[in-house]
Structures are given as C-alpha cells and as structure tokens.
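Below is one structure, written out as structure tokens; the observations come after it.
Each chain gets a letter, A, B and so on, in the order its sequence line appears, and its residues count up from 1. These numbers were taken from a predicted model, which means no experiment stands behind them.
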Protein chains: 2
Amino acid sequence: MDREDLGALFARATRRLVDAERPLLAARGLSMWDYVVLSHLAREPAGTQLALARAIGYDKTRLIGLLDALEREGFVTRTPDPADRRARIVSLTPAGATLHAAAQADVHAMEDELLAHLSPTARRRLVATLTELTSGTPDD
Amino acid sequence: MDREDLGALFARATRRLVDAERPLLAARGLSMWDYVVLSHLAREPAGTQLALARAIGYDKTRLIGLLDALEREGFVTRTPDPADRRARIVSLTPAGATLHAAAQADVHAMEDELLAHLSPTARRRLVATLTELTSGTPDD
DNA sequence: TATTGTTATACTCTATAACTATA
DNA sequence: TATAGTTATAGAGTATAACAATA
C-alpha cells in the first residue's frame, strides 16, 4: 500500500542522469537529440532518414533540421539511396565518429562517478534488469 | 567500449512506464502532473503551493492552473495559511484521496504486470538501487 | 526590501497538414 | 495510389517578467 510508484522512481533517476549529461554534451555543442542521433549512427550506420527517426523515437519532420545542422558542421552526410531515389542514407563522417566517441567518453565517466557507490555486482544487475525491461517490443 | 549508455537505458525504461501509465490516468481524467500532485499531497499533506511546486519539481506558475482545475473538480482545497496570509495550504479532499487511491491501484497493477517476468528478488533489488540512486540531493 | 500567489508574455518543443519527387 | 523527404503552420509545454497583497 505504502509502496512508491515505480514510474516516479524511474523518472527521477532519468532526470538526474539527463541533467548531468546535458552540460557535458552542450560543452561539445551537442543537444541530447544530436547525441542520440550520433549514437545510433555509430551503432547502426547507413540507414535511411525515416528508419533513423523511427529507431530513436523522434519525429521525422523534426529530424530534418537536426540533420541539416549536423551535416553543415560536417558530422554526418546524406547520400541518395541508389535503390530508392526518394530516400537518403545518413552516415557518420570520420569527424562525427570522433565527436561521438569523445562525447560518449564524457558521458560514461559521469555515469561511473554517479554509480561509484554501487557495488560492481549491483551495477551489473541494474544494467541487466534495465536491458531486460526495455527489450520487448520497441513499439514504434 | 561497446557498453550502452545508462541514460539511454533509463530513458527508454521510463518512457515505457510513462506510456503505459498515461492512458490509465487519462481514463480517470488525470494528467501525469495531476497524478504527481495528488500523490505528493497523499504523502505529505498540508503544504504551501510553493513548497508543493518545489517538492515535485514543477514551476510554481504552471501549478496554478493545474490546482485551479483540481479545485474546481473538488479534489483539492486551497486554504489561507493562518501563519502567513500570503500563502495558501493545499490539501486533498476526501474525493481527491479516493481518486488518488484508485488511480494508484491502476498504476501499481500495470507495474506488476510489466515486471511480472522479473523475479521478486530482482524486483526488490531494482527498487532498492533506484531508491539509492535518487536519494542524494533532491536538487531544487 | 523580500516573498506568495497570480497574470501576461514570449519562447521552445512537438504534432499535423500539405507539397515534391519518386515509387 | 502510396511513400521519403521537406516545408509551413498550429498547438502544447515551459520559462521569464511584472503585479498585488503580505511579511
């Protein structure tokens, strides 16, 4: 009866992580969505814009301006899909890959610090549980 | 090196929880922030508007319209603080307490279902870890 | 002078509809 | 006819400034 809502716990933990992450990314000129895009491209290169938008749960119309900026700065490229001339394949440039690696290193260092007082076992369990929780049906 | 960002994991888990929670609350005419307010009042009654806003991390100016609606529907009351006539004490009405209990029952049932494939031990550990992670410095 | 609740205003983020070029 | 990318527009959510009453 007196149990705390799981959603509230998760929301608070997420907000703390995001609040700590945002300034690190901003220091490299990246918004949170910029980072999400770079991270996804680092993991799964050579997808179409629409596939990218769906994969990260972002609106396809909003993705456009975001990619415009990243492309202008030389971090991603948009090349026409030879198989379907309507579609455009988004890829990381070497500079984009470097930027992502650096940003991710910052983020991971912050996470390590935040979870410092957790035992390695507790931490491993946490990641495993989270992964399991978020595994089924990525929805859209 | 190939490790997943913790923030991304948390954000995904939170989004899944919130997405499942929102329709349950909407069915009772509640927004997420409505529910957060009711939950806080159920736990810590008789605080001032400003204290409430700070406690739940919500803007004090946005809280006003939200309380207006909840008050109009008879779920909360605003009574002047005898000690400080500028301030107003927000409290749950019996109807508000009943509504919150019903909504929370729905939410908890959903959570139980979502975590059904987690062992009781894993689940207990998850809550403990989350609580520990969100315990220090509530910030604002 | 500072603070609580309030209002008004501006700004950001997000969602929807409509257009083009291809399929 | 439907789809990928784009643009424009409207709406929701959020932040900031200023005001009246009280401290």
Side-chain angles (χ1 to χ4, degrees), chain A residues 7 11-12 14-15 18-19 21-23 25-26 29-37 40-41 44-72 76-91 139-140, chain B residues 7 11-12 14-15 18-19 21-23 25-26 29-37 40-41 44-72 76-91 139-140:
Chain A
R12 217 174 306 154
T14 301
R15 191 157 77 100
V18 167
D19 285 350
E21 200 164 323
R22 212 184 301 274
L25 299 177
L30 293 175
S31 72
M32 190 60 70
W33 280 116
D34 287 331
Y35 181 64
V36 170
V37 164
H40 185 264
L41 292 178
E44 309 220 1
T48 169
Q49 275 188 213
L50 194 59
L52 172 59
R54 282 182 180 143
I56 65 176
Y58 198 56
D59 196 279
K60 67 165 185 170
T61 66
R62 282 183 280 152
L63 182 59
I64 293 166
L66 201 151
L67 289 180
D68 286 346
L70 287 176
E71 191 175 32
R72 205 180 313 123
V76 306
T77 56
R78 282 190 272 202
T79 57
D81 183 351
D84 182 345
R85 279 190 303 173
R86 294 171 303 179
R88 311 177 71 176
I89 306 290
V90 186
S91 311
D139 290 330
D140 42 328
Chain B
R12 218 174 306 155
T14 300
R15 192 156 77 101
V18 167
D19 285 351
E21 200 165 323
R22 214 186 298 275
L25 299 177
L30 294 173
S31 72
M32 191 59 71
W33 280 116
D34 287 331
Y35 181 65
V36 170
V37 164
H40 186 263
L41 292 178
E44 308 220 359
T48 170
Q49 275 188 215
L50 194 61
L52 172 60
R54 281 181 182 147
I56 65 176
Y58 199 56
D59 196 278
K60 67 165 185 169
T61 66
R62 281 182 283 153
L63 182 60
I64 293 167
L66 201 151
L67 289 180
D68 286 346
L70 287 176
E71 192 175 30
R72 206 180 313 122
V76 306
T77 56
R78 281 190 272 205
T79 57
D81 183 351
D84 183 344
R85 279 189 303 173
R86 292 172 305 180
R88 310 177 72 178
I89 306 289
V90 186
S91 311
D139 290 332
D140 40 330

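Side-chain atoms of B:D59 lie closest to D:dT16 of the nucleotides C:dG5, C:dT16, D:dT16. Set against D:dA15, C:dG5, C:dT14, the side chain of A:R62 has C:dT14 as its closest nucleotide. Here the side chain of B:T48 is nearest to one of C:dA15, D:dT14, C:dG5, namely C:dG5. Comparing C:dT16, D:dG5, C:dG5 by their nearest atom to the side chain of A:L50 picks out D:dG5.
Residue pairs that meet the salt bridge (charged side-chain N to carboxylate O under 4.0 Å, His left out) test with at least one member in residues 55-67 of chain A, sequence neighbours left out, do not exist here.
In this entry the distance linking CG of B:L66 with C1' of C:dT6 reads 15 Å, nearest Å. When rounded to the nearest whole Å, the span between CD1 of B:I64 and P of D:dA15 equals 14 Å. In this entry the distance linking CG of B:L52 with P of C:dG5 reads 10 Å, nearest Å. The CG-C1' distance, from B:D81 to D:dT22, rounds to 12 Å in whole Å. To the nearest angstrom, P of D:dA21 lies 17 Å from CD of B:Q49. The interatomic distance linking B:W33 (CH2) with D:dA12 (C1') rounds to 15 Å, in whole Å.
Residues that satisfy the salt bridge (charged side-chain N to carboxylate O under 4.0 Å, His left out) test with A:D81, not counting sequence neighbours, are absent from this structure. Taking the salt bridge (charged side-chain N to carboxylate O under 4.0 Å, His left out) definition, one finds that A:R12 meets it with A:E4, sequence neighbours left out. Residues forming a side-chain hydrogen bond (donor to acceptor under 3.5 Å, both in side chains) with B:S91 (at least two apart in sequence, or on another chain): none. In this view, A:E71 and A:R78 satisfy the salt bridge (charged side-chain N to carboxylate O under 4.0 Å, His left out) rule, not counting sequence neighbours.
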Show the distances under 3.5 angstrom between N or O atoms of the protein and N or O atoms of nucleotides 21-23 of chain C.
from, atom 1, to, atom 2, distance (Å)
C:dA23, OP1, A:R85, N, 3.1
C:dA23, OP2, A:R85, NH2, 3.4

Name the pairs: protein N/O against N/O of nucleotides 18-20 of chain D, kept only if under 3.5 Å.
none

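Put simply, A:R88 has no side-chain N or O that comes within less than 4.0 Å of OP1 or OP2 on D:dA4. For the OP1/OP2 pair of D:dT6 and a distance below 4.0 Å, the side-chain nitrogens and oxygens of A:R78 include at least one atom meeting the criterion.
Looking at B:T48, its side chain never comes within 3.5 Å of a backbone N or O of B:A51 through a donor-acceptor pair.
Distance CG/B:D68 to CG/B:L63: 9.0 Å, rounded to 0.5 Å.
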